[in-house]
**Q** 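First the structure, which I've put down as structure tokens, then a few questions once you've had a look.
Every heavy atom of this structure was used, including side-chain atoms; hydrogens, water molecules and symmetry mates were not. A, B, ... follow the sequence lines: proteins, then strands. Residue 1 opens every chain.
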There are 2 protein chains.
Amino acid sequence: MAESDTIDSKPLAKVLNEHGVRPTSQRETVYESLLQKRDHPTADEVFARVREKAPTISLATVYNCLDVLVQNKLVRAVNFERAPTQYCANLAPHAHFHDEAGRTLDIEMPTGVIDQLRDLLPSDFDVKHIEVNFHGRAPHND
Amino acid sequence: MAESDTIDSKPLAKVLNEHGVRPTSQRETVYESLLQKRDHPTADEVFARVREKAPTISLATVYNCLDVLVQNKLVRAVNFERAPTQYCANLAPHAHFHDEAGRTLDIEMPTGVIDQLRDLLPSDFDVKHIEVNFHGRAPHND
DNA sequence: ATACGGAATTAGAACTATTCTAAATAAAAT
DNA sequence: ATTTTATTTAGAATAGTTCTAATTCCGTAT
Ligand SMILES: [Mn+2]
Ligand SMILES: [Mn+2]
Ligand SMILES: [Zn+2]
Ligand SMILES: [Zn+2]
């Protein structure tokens, strides 16, 4: 309960505003769709989901909204090989496991491990971002 | 000297053969170009380089050769965001640092760190491949 | 309320890295 | 030598994303 009082329960418009994003209805709908089903949908999948609430939205707008959300760090863009970019509303630092069946799972990454990775670099490197991707088979849980 | 007696000095045809790759002249030329200049060229860049030795080679063949080399683990394909795939002939396990200027650098990754990463996953996950990408600024060294 | 101006949205065209197709060559097997 | 199989090739096709130019939306000023 304490959990659900953080970002999900706050009015979305407010969250967007606080992150410097003008809260248009399209942006709210796109962002909401990412918060609700926390798999890692592609732009096309977001488009399909969002159409149900906002039937007149265009694919270009979905791309625009996703870009804005990514640029303002409300959403992460996830790439694996040359597959379509996937989007992730989990803001905690985490890695991604790409299942051979096509699922993408979040893998928690403690600060210690991130620091270990950063330490691989000479100190005069300025790291902006670290990305860790696993690929393999995950057990089916359904 | 002992170093150079490993893979670079061996006849390329032999190396390819040992990895299950039929050594056509195109494959040899593509592979050689990756061994010689160890930056991380795209398929287009490989095409441009290889044309000087083999002026009649086609881009499709460059893609074919690169695929064969990757599939037989003589070369690694490296992806970052949605940029064109880059190719890397460094077979030691390593991460990649993507400079804001566009350079891609190899970062050594000791086994310990790799094991740390693998340990982030539940034991019933079967990991085939781990990928680590850094993004940021590297000092200019020229 | 109305008008203005910048921002956002939209449909569709354009772009580009890559893959596919089908024909031509080359190499291997018989 | 003939047949089979693999590889190469040029060009067409594909697909995810970005761009273009017109329209709509919204906050602000009048
Ligand atoms: Mn894969
Ligand atoms: Mn970048
Ligand atoms: Zn995620
Ligand atoms: Zn490399």
**Q** What is the distance, to the nearest angstrom, from the CG atom on Leu16(B) to the C1' atom on dA6(D)?
**A**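 Spelled out: CG on Leu16(B) to C1' on dA6(D) is 16 Å.
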**Q** With respect to the phosphate group of dT18(D), does any side-chain polar atom (N or O) of Tyr63(A) fall under 4.0 Å of OP1 or OP2?
**A** no
**Q** Under 3.5 Å, is there a donor-acceptor pair linking the side chains of Gln86(B) and Thr42(B)?
**A**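 Note: Gln86(B) and Thr42(B) side chains miss the donor-acceptor criterion.
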**Q** May I ask you to say whether Lys53(A) pairs ionically with Glu32(A), meaning some side-chain N is under 4.0 Å from a carboxylate O?
**A** no
**Q** Find the distance Arg27(A):CZ to dA7(C):C1' and express it as a whole number of Å.
**A** 8 Å
**Q** Nearest whole angstrom, please: distance from the C1' of dT7(D) to the CG of Leu69(B).
**A** 14 Å
**Q** Once you round it to whole Å, what is the distance between C1' of dT17(D) and OH of Tyr87(A)?
**A** 9 Å
**Q** Check whether any side-chain nitrogen or oxygen of Gln26(A) sits under 4.0 Å from OP1 or OP2 of dT10(C), and answer yes or no.
**A** yes
**Q** Relative to the ring of Phe80(B), is the ring of His98(B) parallel (under 30°), tilted (30 to 60°) or perpendicular (over 60°)?
**A** parallel
**Q** Given dT9(C), is OP1 or OP2 found less than 4.0 Å from the side-chain N or O atoms of Thr24(A)?
**A**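 Indeed, a polar side-chain atom of Thr24(A) lies that close.
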**Q** Would you tell me if any nitrogen or oxygen in the side chain of Thr42(A) comes within less than 4.0 Å of OP1 or OP2 on dG16(D)?
**A**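 For dG16(D), neither OP1 nor OP2 has a side-chain N or O of Thr42(A) closer than 4.0 Å.
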**Q** In whole angstrom, give the distance that lies between atom CG of Leu59(A) and atom P of dG16(D).
**A**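 In whole Å, dG16(D) P and Leu59(A) CG are 10 Å from each other.
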**Q** Side chain of Ser58(B): nearest nucleotide among dT10(C), dG16(D), dA10(D)?
**A**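 Ranking dT10(C), dG16(D), dA10(D) by closest atom to the Ser58(B) side chain puts dA10(D) first.
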**Q** Closest to the Arg82(B) side chain: dA11(C), dT17(D), dT9(C)?
**A** dT17(D)
**Q** Does a donor on one side chain sit under 3.5 Å from an acceptor on the other, for Asp106(A) and His94(A)?
**A** yes
**Q** Can you identify which nucleotide, out of dA17(C), dT10(C), dA8(C), has its nearest atom closest to the Asn64(A) side chain?
**A**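 Out of dA17(C), dT10(C), dA8(C), the nucleotide with an atom closest to Asn64(A)'s side chain is dT10(C).
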**Q** Rounded to the Å, how far apart are Asp44(B) CG and dT19(C) P?
**A** 13 Å
**Q** For atom CZ of Arg82(B), decide whether the heavy atoms of other residues, nucleotides or ligands shown that lie under 6.0 angstrom number more than 12.
**A** yes
**Q** Whole angstrom is fine here: how far is it from CG in Asn79(A) over to P in dA15(D)?
**A** 19 Å
**Q** Roughly how many Å is it from CD in Gln71(B) to C1' in dA6(D), rounded to a whole number?
**A** 15 Å
**Q** Counting only side-chain heavy atoms from C-beta out, which of dT18(C), dT19(C), dT17(D) sits nearest to Asp67(B)?
**A**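 Closest nucleotide among those given: dT19(C).
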**Q** Tell me which nucleotide among dA6(D), dT10(C), dT8(D) gets nearest to the side chain of Arg22(B).
**A**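 It is dA6(D).
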